[in-house]
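As the structure is a computational prediction, the values presented were derived from the model and not from experiment.
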Amino acid sequence: MFQRTRKVACPHCNGANFWHGNPRPTDVLSCRYCDADVIRYDEYVEQAARHEAERLLAEFVESDISRDLAHLKAVLATPEQRPCQ
C-alpha cells in the first residue's frame, strides 16, 4: 500500500491507533492505550477492501426509483430529449 498513515480503532477500548509506513502482512497492530492486539495488517487490508467494495456496490445498486421514474417521464414528455427518433 501507499506510504500513508492508516487509523484503526481498538475493539477493546475504542482508542485510535495507526499503521505507520509500510507494514508487512504479518505485522500486528497493538493498542497504544490498553496494549491489546488490534488486528494483523493483512486482515486490515482485506477488511478495508471489503468495505470499499460494499460501499461501491451499494452506491450503484441502491437507486431512487421515484427519481428515476420522474426522469423517465420528463424525457418521454419532451421528444427533443429522446436519444433515438
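Here the options are Asn17, Ile39, Asp35, Leu29, the test is side chain to side chain contact (heavy atoms under 4.5 Å, CB included), and the partner is Cys10; only Asn17 passes.
Note that OG1 of Thr78 and NZ of Lys73 are 14.0 Å apart. Values are rounded to the nearest 0.5 Å. Asp42 CG to Gln47 CD: the interatomic distance, rounded to the nearest 0.5 Å, is 10.0 Å. In this structure, NE2 in His51 is found 10.0 Å from CD in Glu46, a value given to the nearest 0.5 Å.
Nearest heavy-atom pair across Cys31 and Val38 is N-CG2, 3.7 Å. Residue Ala9 comes nearest to Asn14 through the heavy atom pair CB-OD1, 3.6 Å, listed as atom of the first residue, atom of the second, then distance. When all heavy atoms are compared, the tightest approach of Cys13 to Tyr33 is SG-CB, 4.0 Å.
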Inset, instruction - Please assess Glu54 against Arg50 for the test salt bridge (Lys or Arg N to Asp or Glu O under 4.0 Å), listing each intermediate value before the final yes or no. - result: CA-CA 6 Å; Glu54 289 171 358; Arg50 185 178 301 119; 5.1 Å; no
Inset, instruction - Evaluate side chain to side chain contact (heavy atoms under 4.5 Å, CB included) for Arg32 paired with Phe18, printing each intermediate quantity in order. - result: CA-CA 9 Å; Arg32 61 185 175 158; Phe18 303 92; 3.4 Å; yes
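Between Tyr41 and Trp19, the two ring planes are perpendicular [angle over 60°; tilted spans 30° to 60°].
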